[in-house]
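Okay, so here's the structure we're looking at.
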Amino acid sequence: MGEKKTVYSICGMCSVRCPIMVEVEGGRVRWISGNPHDAGMGTALCAKGIAGRALLDDTERPLSPMIRDGERGSGKWKTVSWDEALDYVAEKLKAIIDQYGGRAVLLSDRGGPFGEYRKAFLKAIGSPNYCNHDVTCAVSVNHAALSLFGFGRKTLNYDYKNTKHIVLYGRNILESIKIKTTKAVINALDRGAKLTYIDPRYSVTAAKATRWWKIKPGTDYALNLALIHIIIKEGLYDKAFVNRWVHGFEHLAKFVEQYTPEWAEEETGIPAQEMYLFCREIAQDAPHVIFHPGWMRARYKQAFWESRTTYILNILMGAIEVPGGLFFMKGPKDAGKKGLNSIGENLPKVEEKRADGAGWKYPYINKGPGLLHRAFEAIKTGDPYPIKAYFVHRHDPLTGLPDPEAQVEIFKNLDLLVVVDVNWSETSKYADVILPECTYLERSDLIANQKGLKPGFRIRTAAIEPQYDTKPGWWIYIELAKRLGKGEHFPYESIEDMWKKQLEGTGITVEQIQEKGFITLTDKPIWYDRMNELPFKTESGKIEIINKKWEDAGIPCLKPYEPPEKPPKGKFRLLFGRCAWQTHAMWMNNPALHPYLKENVLWINKKVAEEMGLKDGDKVVVSNGGYQKEMRIFATELIHPEAVFMLHGFGRTVPQQTRAYNRGVADQRLEVGLLDVYDPAGGANALCECFIEVRPAK
Amino acid sequence: MAKYYIYHDPTRCIGCLACEVSCMDWKGLPYGEANCRIFRFGPEALFGEPDLTFMYTSCFHCEKPLCVEACPSGALAKREGDGVVVFREDLCIGCRACITACPWGIPQWNEGTGKIHKCDYCVDRIDQGLEPACVTRCPVDALKFVRVEEASQLKRMRWLRDTFGRQVAPAANY
Ligand code: SF4
Ligand code: SF4
């Protein structure tokens, strides 16, 4: 027993960051649920979110700062104090900055709303080299949006609540859970909305869909071109909207003429007849329809064009800034209010070119998230300049990016590799220094913007004190900045100091936000006048079918379709995904979640398996390059014969994680040579351009 | 009389296991050993049609609970008033008689304690006006904690709704 309190905060078990309510008793977290003040959330929480309590008690994590005490990767560590660890990092950094300049420092993370201090830290030391994990996530989707609208993907969101038809391309929305979204989709389906799900593999989302198209892997672009062909040819598009807002429609119409549904049937395996029916059906529900442009679409070299044509389908349906379609995310300004202040004081402008080439070598690539795989190339070659220090913040490139062996080779060129994490990530094994962050339940973070129809702010507030010798991320970087003589940019002692700075002049107090965990700046949802005032950020102020930025770089916005490579004989295209109680390979070792999924299995087409003399449950060896491992198969008709599928995140190699250690197969280790294979227009790694061998185990 | 029922709607359920993890977390059960359990049929092609269906199983809190009749130590009992079949771990002698007696296989073995574990609708929560842990945190409201008569109505409506693919309401609600 002891003092009881309720804290409204933000979950940290996956990158969705759902609003939560945490009940604390006597300094212990007793209960976590969804934040009932948020109507779309209620008390709902997913299995991972609930397992946050098990995370707190899990001691198979780095629980105090550590410095490597042997070869890199040897797994030998010396536990040190924070002062020692930070002094050590600062000293190394100083030497690197003195010799190579601040630009020699790279940092990558998983993005998110709380990371301002990390970018500010880089600026303070004069480095332009911030990257998030987006090359293995949504970077191509982002560029597809930029090329059409002039703004990134996050400016538009989806109104599932009022939609009549949702179209998803492998966006496994019912297993890659975002609670509010997942619930809204289920509600929509219960109301009678339709769901078309396109995926070479069956999933829970497919199970709830009105229509599942078992598409040939890598042919989404062909399908989209044919759908656009039908929609234009049959005049099913929203003419008023297109006339008002689309610049270059005639190019599109002309371009898709050649891509008939009959042609696409050959390519995709989806009957042309079904495409016609689909288009006529969805046009009746327009504009209250959503073609999801994709989230984790870092799968094929054509990702940019897949996503771009998906956006175009929304545009043709007029599904922009309309209930049940896509809508603009509004910020404080739209509500006539002042936004948050940035925390960095008088930060110098960093003029230096980015090492990954974003913004100059690749002028059409957005400098925000950068291109981490190109930054790795710079580490490898020293071109355009040497990168000598790498901060990996709550990110795990050795799991998230392909081909960890190649990455470890590249990291040999680094003088300093620092991992800041809550967990033993695969990357932490190769770190020089591990700076353990406290968990999201033990940590307050910067106030974040909450964009939407009703913009506002939200906050993560620590429910309890850190239980081990771990620290919040912002504290770590500010301490480092001070040690590097850059303390003047961060005149703060506590998170409260930073909150104060963020809220200055907004008329809002932190207590007001904490009362419910969030605050909205308006009662009424804000909609723009969709025929008169849509703020597209392109040169023409309209949606651009042909965007100069890409065309000037020799990248056609309407790229002729290229069929995906056929798997060589005896090989399969490797697909991967998630289930609802694991994410981003983060919680394989969580004591509460581990029992529910100890190893992954290989989905393989039943007929194909039979031809190989295999039956469901048999063991096979999967291999590519130097990596091979045994696993069991799940033989099913419900996967395309060219593909095999496994859940991501297994085959872990950090021995401290005793539960997950060496269990299952690591898909990224099979993705040999894929670090340099990426979508040239959008920048995302093409993780599914991977063929692996499968043979019966002896 | 049994008053309550946990109604599970398989049309909404996404098999996400939040209910299991929620139960385990609230009840302090060994990891992986919740009182409720989600089972799945599929994924499979049933007569050529792909299918994947989830089923929630937990205690039904029977009118005439055979587990209670079989329990020699009084660890299982039907609560006065709301008819919840409650379990007192301190009284359980680990004889497993209830495991044999329950027709639905609800009481499960707890390795850690050498006793059984079984759902009690989170009486500690419902007595405070809350709902059972599984229901409270289900991400898609596939679970509903309702009175028994409501559950049977919901079930009938669900069947009609899924069969006809249209919204349905009792004709009298006009
Ligand atoms: S989806 Fe689950 S893990 Fe992710 S933020 Fe929401 S509750 Fe947390
Ligand atoms: S929590 Fe809800 S949706 Fe998830 S498995 Fe349980 S009943 Fe189904």
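Convention: sequence-line order gives letters A, B, ...; per-chain numbering from 1.
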Measure the [atom1]-[atom2] distance between [X] and [Y] for me, rounded to the nearest 0.5 Å.
X	Y	atom1	atom2	result
B:E44	A:L638	CD	CG	8.5 Å
B:R12	A:N187	CZ	CG	4.5 Å
A:W31	B:R125	CH2	CZ	4.0 Å
A:W212	B:E49	CH2	CD	10.5 Å
A:C46	B:I14	SG	CD1	9.0 Å
A:Y596	B:L17	OH	CG	6.5 Å

Output the option from [options] having the highest count of non-hydrogen pairs under 4.5 Å with chain A.
options	value
B:E20, B:E33, B:R166, B:E131	B:E20
B:C19, B:G42, B:A45	B:A45
B:P43, B:A142, B:C138	B:P43

Would you say [atom1] of [X] has more than 12 non-hydrogen atoms from neighbouring residues, nucleotides or ligands within 6.0 angstrom?
X	atom1	value
B:K144	NZ	yes
A:Y158	OH	yes
A:Q284	CD	no

- Task: Taking only Lys NZ, Arg NE, NH1 and NH2, and the carboxylate oxygens of Asp or Glu, determine whether B:R158 and A:D190 approach each other closer than 4.0 Å.
- Result: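 Yes, B:R158 and A:D190 are salt-bridged.
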- Message: Can you tell me which of A:R30, A:K214, A:K183 forms the most heavy-atom pairs within a distance under 4.5 Å of chain B?
- Response: A:K183
Kindly give the heavy-atom pair with the smallest separation between [X] and [Y], and that separation in Å.
X	Y	value
A:A592	B:M24	CB-CE, 3.7 Å
B:P139	A:I179	O-CG2, 4.0 Å
B:Y31	A:A54	OH-CB, 3.7 Å
B:L52	A:Y202	N-OH, 3.5 Å

- Query: By number, which residues in residues 86-116 of chain B have some heavy atom less than 4.5 Å away from chain A?
  - Reply: none
Donor-acceptor pair, distance only, cut-off 3.5 Å: does the side chain of [X] make one with the backbone of [Y]?
X	Y	answer
A:S33	B:R137	no
A:R53	B:D25	yes
B:Q167	A:R191	yes

- Item | Stepwise side chain to side chain contact (heavy atoms under 4.5 Å, CB included) test for B:C16 and A:I177 | CA-CA 9 Å; B:C16 70; A:I177 295 186; 3.9 Å; yes
- Got B:W26 and A:I50 here, is their nearest side-chain heavy-atom distance under 4.5 Å?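 Not touching, per the 4.5 Å side-chain cut-off.
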- Item | Side chain, backbone, both or neither of A:A206 within contact of chain B (heavy atoms, under 4.5 Å) |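 Contact with chain B is absent: no heavy atom of A:A206 under 4.5 Å.
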